[in-house]
There are 2 protein chains.
Amino acid sequence: MKRALLRRIEPVLLSRAAEIIKMLGHPERLKIVEVLERGEATVSEIQEAIGIPQAIVSQHLARMRGCNIVAARRDGSYVRYRVIEPKVHHVLNCIRECDA
Amino acid sequence: MKRALLRRIEPVLLSRAAEIIKMLGHPERLKIVEVLERGEATVSEIQEAIGIPQAIVSQHLARMRGCNIVAARRDGSYVRYRVIEPKVHHVLNCIRECDA
DNA sequence: GCCATATATTGACATATAGCTATTATCATA
DNA sequence: TATGATAATAGCTATATGTCAATATATGGC
């Protein structure tokens, strides 16, 4: 461990980081953003991809919308979600890197 | 975003990752592991470093012990804590990297 | 054993979260 | 406008979480 490189995380960043990873600290939400990482997806696509009830998917998406992790846009009768918080990709890649 | 590199996170890893980042998804716990990242620290050192009551620090440490994120060893009348989950460093560095 | 210091645990309480069912909104199209 | 598909929300129960005050448990020195 290279301690010399450990600089303190600034309070505001730390606070936002805690908020983001708190949201991602749930298996289903983590799966949802993993799906969204590949590009926009509708609620039903997400639902199929991870196999949980529509209402639950919507609830998780609503929470993640609430802290600006994902955003939605209507497309006809669909609503397409996408990740808008760049740190999410960092976190997912970080998890992948641990998978040695 | 290089989508070609996005490989799926394995279920077991994803589940453990969710557990870890759930624990880190709290500002005080994030501060605690940030302190511990620099090396072992006693409860009172942590308490001083981040400025919250001793009982709260102990409670957070107990929860993180519970999911094998930190470990403790007694040293005289002190108890020294350290990070034992390597992913924690990855996550902290990931947060730092976002701090552009 | 007694005292001071360091840490852990407990109980109480408020709030947050998760998941379920049912219902409601929104849109496209017949 | 009626209908089917898609998505969001409401109401509910159960459980988890966060915090505090108080108490309990080490440990070391006298």
Side-chain angles (χ1 to χ4, degrees), chain A residues 11 14-36 39-84, chain B residues 11 14-36 39-84:
Chain A
L14 185 139
S15 160
R16 172 63 176 158
E19 186 181 33
I20 294 168
I21 67 184
K22 179 179 182 179
M23 273 299 143
L24 301 188
H26 184 291
E28 261 69 50
R29 286 196 294 266
L30 204 48
K31 287 180 199 164
I32 289 175
V33 294
E34 201 197 357
V35 168
L36 293 182
E40 278 191 338
T42 66
V43 175
S44 32
E45 284 167 349
I46 297 170
Q47 181 188 347
E48 266 192 52
I50 73 181
I52 60 176
Q54 174 267 319
I56 307 291
V57 174
S58 271
Q59 285 159 11
H60 284 314
L61 288 169
R63 294 199 56 195
M64 293 197 280
R65 249 188 296 136
C67 40
N68 294 304
I69 288 179
V70 302
R73 73 179 174 92
R74 198 163 258 287
D75 180 14
S77 56
Y78 297 94
V79 175
R80 300 191 182 276
Y81 278 85
R82 64 185 182 285
V83 174
I84 57 171
Chain B
L14 184 139
S15 161
R16 172 65 177 158
E19 188 183 31
I20 294 167
I21 66 185
K22 179 179 184 179
M23 274 300 142
L24 302 187
H26 184 290
E28 262 69 50
R29 285 195 296 264
L30 204 47
K31 286 180 201 163
I32 290 175
V33 293
E34 201 197 357
V35 169
L36 293 182
E40 278 192 337
T42 67
V43 175
S44 32
E45 284 167 349
I46 298 171
Q47 182 188 348
E48 266 193 52
I50 73 181
I52 60 176
Q54 175 267 319
I56 307 290
V57 174
S58 270
Q59 285 158 9
H60 284 316
L61 288 169
R63 291 198 58 195
M64 293 197 280
R65 249 187 296 134
C67 42
N68 295 302
I69 287 179
V70 302
R73 73 177 174 94
R74 196 163 261 288
D75 180 13
S77 57
Y78 296 94
V79 175
R80 300 191 183 276
Y81 278 85
R82 65 186 183 283
V83 174
I84 56 170

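Since this is a predicted model, take the numbers as computed values, not measurements. By convention in this document, chain letters (A, B, ...) are assigned in the order of the sequence lines, proteins followed by strands, and residues within each chain are numbered from 1.
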B/Ala71 meets the side chain to side chain contact (heavy atoms under 4.5 Å, CB included) criterion, sequence neighbours left out, with B/Arg82, B/Ile84
With a 3.5 Å cut-off and no angle check, do the side chains of B/Gln54 and B/Ser58 form a donor-acceptor pair? yes
If we ignore hydrogens and angles and just use 3.5 Å, is the side chain of [X] paired with the main-chain N or O of [Y] as donor and acceptor?
| X | Y | value |
| --- | --- | --- |
| B/Arg80 | B/Ala41 | no |
| B/Arg65 | B/Cys67 | no |
| B/Glu45 | B/Thr42 | yes |

Interatomic distance, CG@B/Leu30 vs CD1@B/Ile50, rounded to 0.5 Å, equals 10.0 Å
Interatomic spacing from CD1 in A/Ile21 to CD1 in A/Ile69 - rounded to 0.5 Å: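 Output value for this atom pair is 10.5 Å.
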Between C/dA16 atom P and B/His26 atom NE2, what is the distance in whole Å?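 It is 13 Å, rounded to the nearest whole Å.
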Can you tell me how far P of C/dT26 sits from CG of A/Asp75, to the nearest Å?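 About 17 Å, once rounded to whole Å.
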What are the bounds, 5' to 3', of the part of DNA chain D that sits under 4.0 Å from heavy atoms of chain B? D/dT17 to D/dG28
I'd like to know if A/Lys31 and A/Glu34 make a salt bridge, using a cut-off of under 4.0 Å between side-chain N and carboxylate O.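 No, no charged N to carboxylate O under 4.0 Å.
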Protein and nucleotides 7-10 of chain C: nitrogen or oxygen contacts under 3.5 angstrom:
residue	atom	partner	partner atom	Å
C/dT7	OP1	B/Val43	N	3.4
C/dT7	OP1	B/Val79	N	3.3
C/dT7	OP2	B/Ser44	N	2.9
C/dT7	OP2	B/Ser44	OG	2.5
C/dA8	OP1	B/Tyr81	OH	2.5
C/dA8	OP2	B/Ser58	OG	2.8
C/dA8	N7	B/Gln54	NE2	2.7
C/dA8	N6	B/Gln54	OE1	3.4
C/dT10	O4	B/Gln59	NE2	2.9

